[in-house]
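Accompanying notes for the structure given below.
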Number of protein chains: 2
Amino acid sequence: MDDVIEPAAADFQLPRILAALADPHRLATVRYVAVHGESWCGLVMQEAGLAMSKSTFSHHLRILREAGVVTKRISGAKGYAQLRKEDLDSRFPGLMDAIIDAEVPARRA
Amino acid sequence: MDDVIEPAAADFQLPRILAALADPHRLATVRYVAVHGESWCGLVMQEAGLAMSKSTFSHHLRILREAGVVTKRISGAKGYAQLRKEDLDSRFPGLMDAIIDAEVPARRA
DNA sequence: CTCGAAGTTCGATGCAATTCGAACTGTACG
DNA sequence: CGTACAGTTCGAATTGCATCGAACTTCGAG
């Protein structure tokens, strides 16, 4: 069921990581787990303002995992996503900090 | 003829910039001008190892310009591309440095 | 065991990106 | 002026991406 490959840090590919982060939904997801640490996927969807179906979110999370940006841990029926900050920093120092700390354009409620 | 919009730094959109950099060809282009400074487009195509038609390169350069990553200057019949380093740094400090300084995977000749 | 919650997978669909060649515009140079 | 060079634009073909609903698995709670 879970044959998603989460690559080792040595196998990270910059274009793939950038592509994973280039989608606004995925960027919001990454920002959320960057700030809140390991988070339950359901909460991420709610709190990160992602209006999409479960299957679509699952798809996006897969992209992030296969690029090496996040890991997923399963506990019971729930899944928890976490940013692979150390691995990312080891391969691309400063990249995630720059992206996470970037000024977020004001979003009107 | 040249109605490509090069956005002001204040209008930069992170997802768009990341998407522009996510393509290996465009990433190689950016890296080249980052190292060599303002460069003639023809040279960039040759030296950056881009095996593509002129029209395709023109397309990629447009993506980079519209995202705000590079500027183009026309001198006579030739065009010269330059990285908008200051503008990029002002909006996303550390981002371009991280990307430019990233270890490039060895490419076998 | 049964039910609901949590996720994944599977088509299908619609949209966007990449690529090319051909035709065009404009510059430089004999 | 005519030729070659530099680059853009325009379809057209191919491919990939985002999205959804439906069906399925798995876990936890009764």
Side-chain angles (χ1 to χ4, degrees), chain A residues 1-6 13 15-30 32-33 38-67 69-82, chain B residues 1-6 13-30 32-33 38-82:
Chain A
M1 177 199 309
D2 202 352
D3 48 0
V4 176
I5 307 155
E6 294 184 357
Q13 295 170 21
R16 194 161 190 181
I17 290 180
L18 293 175
L21 296 170
D23 181 277
H25 298 131
R26 294 195 290 261
L27 186 56
T29 300
V30 168
Y32 187 90
V33 296
E38 194 183 49
S39 311
W40 168 48
C41 296
L43 234 195
V44 176
M45 277 194 61
Q46 269 197 19
E47 297 295 314
L50 308 181
M52 56 174 63
S53 66
K54 287 188 304 175
S55 57
T56 302
F57 180 77
S58 183
H59 161 71
H60 284 307
L61 201 60
R62 166 188 286 255
I63 303 287
L64 287 171
R65 292 175 66 197
E66 289 180 340
V69 181
V70 303
T71 330
K72 202 189 70 172
R73 182 176 61 87
I74 298 183
S75 173
K78 297 184 175 180
Y80 297 83
Q82 188 177 13
Chain B
M1 178 198 306
D2 201 354
D3 50 358
V4 176
I5 307 156
E6 294 184 356
Q13 295 170 23
L14 185 52
R16 192 160 191 181
I17 289 180
L18 293 175
L21 296 169
D23 182 279
H25 298 131
R26 294 195 289 261
L27 186 56
T29 300
V30 168
Y32 187 91
V33 296
E38 194 183 48
S39 311
W40 168 48
C41 296
L43 233 195
V44 176
M45 277 194 62
Q46 269 197 19
E47 296 295 313
L50 308 180
M52 55 174 64
S53 66
K54 285 189 304 174
S55 57
T56 301
F57 180 77
S58 182
H59 162 72
H60 283 307
L61 201 61
R62 167 187 284 255
I63 303 288
L64 288 171
R65 292 176 65 198
E66 290 180 340
V69 181
V70 303
T71 329
K72 202 188 71 171
R73 183 177 61 87
I74 299 185
S75 174
K78 298 184 174 181
Y80 296 84
Q82 188 179 13

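Numbered from 1 within each chain, the chains take letters A, B, ... in sequence-line order.
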Subject >> B/R65 CZ - D/dT9 P separation (whole Å) >> reply: 9 Å
Subject >> Protein proximity profile, nucleotides 11-17 of chain D - base contact B, sugar-phosphate-only contact S, no contact -, cut-off 4.0 Å on heavy atoms >> reply: -------
Original post:
What distance do A/K72 atom NZ and A/S58 atom OG have between them, rounded to the nearest 0.5 Å?
Top reply: 7.0 Å
Original post:
Going by heavy atoms in the side chains, are B/D23 and B/H60 under 4.5 Å from each other?
Top reply: yes
**OP:** To the nearest 0.5 angstrom, please state how far the OG atom of A/S39 sits from the CE atom of A/M45.
**Re:** 14.0 Å
Original post:
Given atom NE2 of A/H60 and atom P of C/dT8, what is their separation to the nearest angstrom?
Top reply: 13 Å
Original post:
What's the CD1-C1' distance between A/I63 and D/dA18, to the nearest Å?
Top reply: 9 Å
Original post:
Of A/S53 and A/G76, whose nearest nucleotide on DNA chain D comes first from the 5' end?
Top reply: A/S53
**OP:** Can you tell me the distance, in whole Å, between the CG atom of B/L50 and the C1' atom of C/dC20?
**Re:** 16 Å
Original post:
For the pair made of CZ in A/R62 and C1' in C/dG7, what is the distance, rounded to whole Å?
Top reply: 12 Å
Original post:
How close or far is atom C1' of D/dC5 from atom CZ of B/F57, stated in whole angstroms?
Top reply: 16 Å
**OP:** When you get a sec, tell me which of C/dA22, D/dT19, D/dG21 is the closest nucleotide to the side chain of A/S55?
**Re:** D/dG21
Subject >> d(OH, B/Y80; C1', D/dG7) in whole Å >> reply: 13 Å
**OP:** Give the minimum heavy-atom separation between A/L27 and A/L21, together with the two atoms involved.
**Re:** CB-O, 3.7 Å
Original post:
For every nucleotide of nucleotides 1-6 of chain C, 5' to 3': is a protein heavy atom under 4.0 Å from its base (B), only from its sugar-phosphate (S), or from neither (-)?
Top reply: -----B
Subject >> B/S58 side chain near D/dT8 phosphate (N/O to OP1/OP2, under 4.0 Å) >> reply: yes
Original post:
At their closest point, which heavy atom of A/A20 faces which heavy atom of A/V69, and how far apart are they?
Top reply: CB-CG2, 4.4 Å
Original post:
How long is the line joining CG of A/L61 and P of C/dT9, in whole Å?
Top reply: 11 Å
Subject >> Nearest-0.5 Å distance, CD1 of residue A/I17 to CD of residue A/E66 >> reply: 13.0 Å
Subject >> Least distance between heavy atoms, A/R26 atom then A/A19 atom >> reply: NH2-O, 3.2 Å
**OP:** Enter the distance from B/T29:OG1 to B/E47:CD here, rounded to the nearest 0.5 Å.
**Re:** 12.5 Å
Original post:
Which distance, rounded to the nearest 0.5 Å, do you find between the CD of A/Q82 and the CZ of A/R73?
Top reply: 8.0 Å
